Amino acid sequence: MATLKAVRGTRDLLPPETALWNRIEAIARSVFARYNFGEIRTPVFEDTSLFARGVGEETDIVSKEMYTWEDRARAQSEKPQSLTLRPENTAGVVRAYIEHKLGETGQLQKLYYIGPQFRRERPQKGRYRQFWQIGAEVIGPPSAGSESPLRDAEVLEMLAKLLKELRISGWTLELNSVGSAADRARYNEVLRAALEPVAPKMCADCQRRAVTNPLRVLDCKVPEDQPIIETLPKIADCLDEDSKKHFAAVTAALDAAGVPYHLNPRLVRGLDYYTRTTFEFTHGGLGAQNALLGGGRYDGLSESIGGPKAPGIGFAIGLDRLVLTLQAQDQTVLDTIYVDTPCAAYIAPLGEAQNASALALASDLRKRELRVEVGDGTFRLKKSFEIANKLASRIVILGEDEEKSGILTVKNFVTGVQSKVPREELAAVLKKPAAELEG
RNA sequence: GCGGCUAUAGUUCAGCGGCAGAACGCCUGACUGUGGCUCAGGAUGUCGUGGGUUCGAUCCCCACUAGCCGCCCCA
């Protein structure tokens, strides 16, 4: 029988790498807490129509990347429900916001999530079919200030802080405004019209995009097309006064907060729900998948899935890509984040007769918050030393003599010093840094 | 979904149409309670899977699967 493997595009995360993941998540939770965000956990699958209506029927995500299946019908007369593994988490959060009537609290909701998302794309480095996102949303009724450009700036400033605490440098904040839904629709027509005469001179992809999705033409990377793209109308010229004012307030707040950004009038994001402020933090060294995180404002999302008016802004960080970026950085930088603590002690019983008391000793030390490993009495002492040397900073020898006298033999691998330690003093000795000489 | 490259030991990789290799790691070293550095031995394996060509295939051909790179798109 063929050996079973993780399915394409999915993978196992093993120690010690998981320690790094945990560390990153802990830092994120800590930053979110300071900005007064609370955690939300939504189901990993939802009714398919949530994504179709929320994310947008025409987006790549919905049209070709979702894991969708039909649930069993509850009764024969019923139609089976179509379910989908979430391809992103914003729609689920907004659905929960509506379902639990969080808007009725009158308060701004600040929610973050950490969890797996699913998209059936061709796997690559930094792109998996089950991938992890850390994201946050600020959403609420307009009366709670959910539309304020201050919220946009606060979210961006928080992201800059988070990246700093994660020791990630060299990122670029690409910033743009795609205007209101109406602005966007208007721009689409203007762009389509402007493209008509020039598209035949462009690359094959652009000729196709000019018809199917004009906004994507702006993203084209073919050098020959760049001069033509430069001449195309910019979305900024199609923004109404409110959108312009809103965006100006966002950039002003960023300037005041000292968050550097790069205005990118060609930044187009692939989800239909984005309005006004959109952004992306990119990082070199990620290859073709250079987006570390992306997000933006979604003032009409709630209404598009049948909820009340609830403007919001949010982002999603690609956790897999964050880890890749971190691992590509200087090892010393990595060490400050990923702390691989060795065991304080390896307890070596000298015979099977000592196994039970070795376990009891370990239990006692663990109660005192020490990380401890226990060997086995069938191991020869030489072998115990070899194992201990690999994973602990000290070895504690427990033979017949030690068991009778209660005086344990402790050898420190850092200093090379071997000493006798009464059992009741052991925990205190092990808590001292191994580099310190002990009596 | 399309194109290119790749798949050999636990890991990183070399290799050749005729008995499978290196480095690191692992195991064992005068059976008694002492590791790290050396030294001496030892084991690595369905050569990704399934077909085909051949006297003979890990090697050549085809298909499949998976990974990587690019496109598309995105986190």
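Since the model is a prediction, treat every value here as computed from it, not as a measurement.
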Please output the side-chain donor-acceptor pairs of residues 344-355 of chain A that fall under 3.5 Å, not counting sequence neighbours, one pair per line with the distance.
unit_1	atom_1	unit_2	atom_2	d
A:Q354	OE1	A:G351	N	3.1
A:Q354	NE2	A:E403	OE1	3.1
A:N355	OD1	A:G377	N	2.8

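- Look at A:R8 and you'll find a side-chain N or O under 4.0 angstrom from OP1 or OP2 of B:rG67.
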Please list, pair by pair, any protein nitrogen or oxygen found under 3.5 Å from a nitrogen or oxygen in nucleotides 37-45 of chain B.
none

Filtered N/O pairs between nucleotides 30-32 of chain B and protein, under 3.5 Å:
none

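- Contacts of A:D401 with the nucleic acid, taken as non-hydrogen atoms under 4.0 Å apart, include base atoms.
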Using atom names, set out every protein N or O paired with an N or O of nucleotides 3-11 of chain B below 3.5 Å, distance rounded to 0.1 Å.
unit_1	atom_1	unit_2	atom_2	d
B:rG3	O6	A:R122	NH2	3.1

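- Residue-to-nucleotide contacts include no donor-acceptor pair under 3.5 Å from the side chain of A:R127 to the base of B:rA75.
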Could you provide the dot-bracket string of RNA chain B, using ( ) for intrastrand pairs, [ ] for crossing pairs and | for bases paired to another strand, with Watson-Crick or G-U pairs below 3.5 Å? (((((((..((((....[..)))).((((.........)))).....(((((..]....))))))))))))....
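- A:I395 comes within contact range of no nucleotide atom at all, as no heavy-atom separation falls under 4.0 Å.
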Show me the donor-acceptor pairs, under 3.5 Å and distance only, between side chains in residues 177-187 of chain A and residues at least two apart or in other chains.
unit_1	atom_1	unit_2	atom_2	d
A:S177	OG	A:G179	N	3.3
A:S180	OG	A:A182	N	3.4
A:S180	OG	A:D183	N	3.1
A:S180	OG	A:D183	OD1	3.4
A:S180	OG	A:D183	OD2	3.1
A:D183	OD1	A:R186	NH2	3.1
A:D183	OD1	A:D240	N	3.4
A:D183	OD2	A:S180	N	2.9
A:D183	OD2	A:D240	N	3.4
A:D183	OD2	A:S243	OG	2.9
A:R184	NH1	A:Y274	O	2.7
A:R186	NH2	A:C238	O	2.7
A:Y187	OH	A:P233	O	2.8

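- Not less than 6.0 angstrom separates the ring centroid of A:Y113 from the ring centroid of A:W132.
- Within the 4.0 angstrom heavy-atom criterion, base atoms lie near A:L350.
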